[in-house]
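Atom set for the values below is all heavy atoms of this structure, side chains included, hydrogens, waters and symmetry mates excluded. Lettering follows sequence order; numbering is per chain, from 1. Note that the coordinates shown come from a computational prediction; the quantities given were computed from them, not determined experimentally.
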Amino acid sequence: MTVQMGIKPISAGRRVKNGVAQVLVYLAFAVAVVPLVSVLWLVIRNGLKRFDIEFLTHSMRNIGARDAGGGAYHAIIGTLEQVLLASLIAVPIGLLTAVYLVEYGNGGRLSRLISFFVDIMTGVPSIVAGLFVLAFWILVLGMTFSGFAGALALSILMMPVVVRSTEEMLRLVPNELREASYALGVPKWRTIAKVVLPTAFTGIVTGVMLAVARVAGETAPLLLTVFFTDSINEDPFNGPQMGLPLYVFGQSALPQDVAIDRAWTGALTLILIVMLLNLVARLISWWRSPAKRG
Amino acid sequence: MAKQIEVSDLDAYYGSHKAIEGISMTIEPRSVTAFIGPSGCGKSTFLRTLNRMHEVIPGARVEGKVRLEDQDLYGTNVDPVSVRRTIGMVFQRPNPFPTMSIFDNVAAGLRLNGRFSKSQLDGIVEESLKGANLWNEVKTRLNKPGAGLSGGQQQRLCIARAIAVRPQVLLMDEPCSALDPISTLAIEDLISELKQEFTIVIVTHNMQQAARVSDRTAFFNLAAQGQPGKLIEMDETSRIFTNPTQKATEDYITGRFG
Ligand SMILES: Nc1ncnc2c1ncn2[C@@H]1O[C@H](COP(=O)(O)OP(=O)(O)O)[C@@H](O)[C@H]1O
Ligand SMILES: [Mg+2]
């Protein structure tokens with residue numbers, strides 16, 4: 001009986017606090033979702049108008065200022081190539097840096113130094129990355145504007161994101177698994193390659209996709225490095241290229257309605273590409289996960 | 001296959017903290033040796049010095065000698081990786097590789113160390129799973145993830161994984177402490193079978209378990225918290241449990257402390 005006496009109903013004060021907190025949480029959620037949904041809604045509504053075969057297969061070559069038609073094929077190709085090249089540069093470097101920090105650094109001086117610089121790189125404004133490539137690659141080394149120069153700038157932006165997310169995922173891998181592997185007489189590097197990285201694989205893929213999504217929409221660094229063109233240039237190593245963000249930027253600056261429509265559709269295409277890449281990444285993670293076999 | 005281990009005057013450190021001091025003992029081949037003693041006296045630490053797993057921890061180091069028959073495990077040219085291949089280990093908490101199937105878990109040590117044909121692997125995996133008394137429970141689902149097994153099955157999977165690389169010694173750190181009584185019994189039976197082939201060292205908190213499975217027992221103790229752990233005495237298990245020479249051993253076994 002005495003025990004029962006000690007158990008009380010929830011007090012009015014706590015009920016009120018709970019209610020207030022609940023309302024605040026939902027409100028915050030709504031505030032966060034409103035811009036997201038409205039952006040998506042606007043882009044889809046305005047972008048669908050020109051989302052057609054011509055848009056996906058034609059460039060802007062020989063399209064006059066007031067002409068309708070034309071497309072973003074050159075920009076789509078450019079974006080895909082630039083992002084792919086940037087990933088090819090940034091993902092291996094970022095991955096290996098994270099492996100060093102987690103598996104070999106032991107919190108020593110070098111690893112703290114690297115950590116510090118990765119933090120700084122995270123804060124580098126994207127235009128500074130573009131300026132750096134412009135100054136170093138194009139002006140000092142005398143290379144031409146090219147998709148590859150853009151990829152260099154983008155890779156500078158990707159690298160810290162890949163390092164940080166991979167680092168976090170590697171730290172989540174329980175030490176017991178490493179020890180289990182060592183105890184089987186497996187050398188450290190094989191343990192990392194065959195046990196640690198596969199265990200963290202899904203998380204690493206997600207991190208890489210976030211990095212890709214981040215750079216796919218960058219405009220400023222491209223402006224300074226891949227320049228600008230209305231024609232199709234499939235070679236990312238030679239001559240100016242286009243990119244979807246540049247395309248949207250260029251078209252939206254024109255006064256004609258047909259150009260504005262093209263800009264919306266360009267934005268829609270960019271969102272779709274990033275979504276598609278995400279989907280592919282998710283498929284890869286799912287295909288690799290043990291749950292599939294289970 | 002099984003070999004004798006001889007330890008002489010061994011100290012182990014974590015950074016500047018000395019965890020165990022002056023340990024000398026002989027571990028007989030084809031027998032089960034049990035380590036008992038209160039928590040924190042350095043049983044796990046000592047066990048891990050026997051296959052050079054201790055030095056995996058940053059800042060950890062070892063002084064003294066461990067000989068496997070005529071080889072000094074801490075000699076200058078000895079590869080710790082090959083030591084661990086020769087002296088396997090089973091941990092307190094079952095730790096199957098989560099990304100691998102049951103088959104791949106058992107084959108992991110082999111695959112990660114060299115080339116084997118599919119039929120060779122099939123043979124060794126079946127043999128090891130039978131050796132760990134797990135074959136009948138998993139033979140129809142070798143492709144399923146190892147993490148989907150029960151705790152006791154996972155621990156036997158880990159034992160199968162350890163014996164698949166054909167070690168000469170098997171170290172077990174409280175292998176049953178996370179398991180239910182039935183699984184514990186299954187593993188104790190298994191240990192009695194495995195000692196035909198391997199030299200087995202087992203750390204246990206469970207006095208009955210030490211009495212049931214081991215041939216020889218070593219009792220460790222520490223003078224006070226923060227002091228290094230020491231080997232108090234080591235003898236035939238029956239002697240340790242009925243007629244120990246040291247007062248501390250008797251007190252611990254009769255449950256007066258620890
Ligand atoms: N990773 C570690 N880092 C620092 N000290 C440790 C570590 N592991 C164990 N120790 C210390 O070493 C001593 C022995 O621990 P341990 O070997 O785990 O004892 P037992 O297995 O007998 O309970 C304890 O004082 C413990 O605090
Ligand atoms: Mg222990």
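- More than 12 heavy atoms of other residues, nucleotides or ligands sit less than 6.0 Å from atom NZ of Lys188(A).
- Only the side chain of Phe91(B) comes within contact range of chain A, with heavy atoms under 4.5 Å apart.
- Top candidate by heavy-atom pairs under 4.5 Å with chain A, chosen from Asn51(B), Asp79(B), Asn95(B), Thr86(B), is Asn95(B).
- Closest approach of Leu177(A) to Pro96(B), counting heavy atoms only: CD2-O, 3.6 Å.
- By the 6.0 Å contact criterion, CD on Glu176(A) is enclosed, its count of non-hydrogen atoms from other residues, nucleotides or ligands being greater than 12.
- Across all non-hydrogen atoms, the minimal contact from Pro187(A) to Arg85(B) is CD-NH2, 4.3 Å.
- Within 6.0 Å of NZ on Lys18(B) lie more than 12 heavy atoms contributed by other residues, nucleotides or ligands.
- Other residues, nucleotides and ligands place no more than 12 heavy atoms under 6.0 Å from the CD1 atom of Ile10(A).
- The local environment of OH in Tyr104(A) is crowded, with over 12 non-hydrogen atoms from other residues, nucleotides or ligands closer than 6.0 Å.
- Taking non-hydrogen atoms and a 4.5 Å limit, the residue list of residues 195-219 of chain A in contact with chain B, ordered by number, reads Val195(A), Pro198(A), Thr199(A).
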Chi angles and distances behind the side-chain contact (heavy atoms from CB on, under 4.5 Å) call for Arg161(B), Leu184(A): CA-CA 8 Å; Arg161(B) 179 175 71 184; Leu184(A) 290 172; 3.7 Å; yes
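- Residue Arg282(A) places its CZ atom among 12 or fewer non-hydrogen atoms of other residues, nucleotides or ligands, all under 6.0 Å distant.
- For Ser181(A), the parts sitting under 4.5 Å from any heavy atom of chain B are the backbone and the side chain alike.
- Arg48(B) and Glu179(A) are joined by a salt bridge, as a carboxylate oxygen and a charged side-chain nitrogen come within less than 4.0 angstrom of each other.
- Taking a 6.0 Å sphere around CZ of Phe136(A), one finds it holds 12 or fewer heavy atoms contributed by other residues, nucleotides or ligands.
- Counting heavy-atom pairs closer than 4.5 Å to chain A, the top residue among Met53(B), Arg141(B), Arg111(B) is Met53(B).
- Nearest approach of Ala183(A) to Met89(B), heavy atoms of both residues: CB-CB, 3.8 Å.
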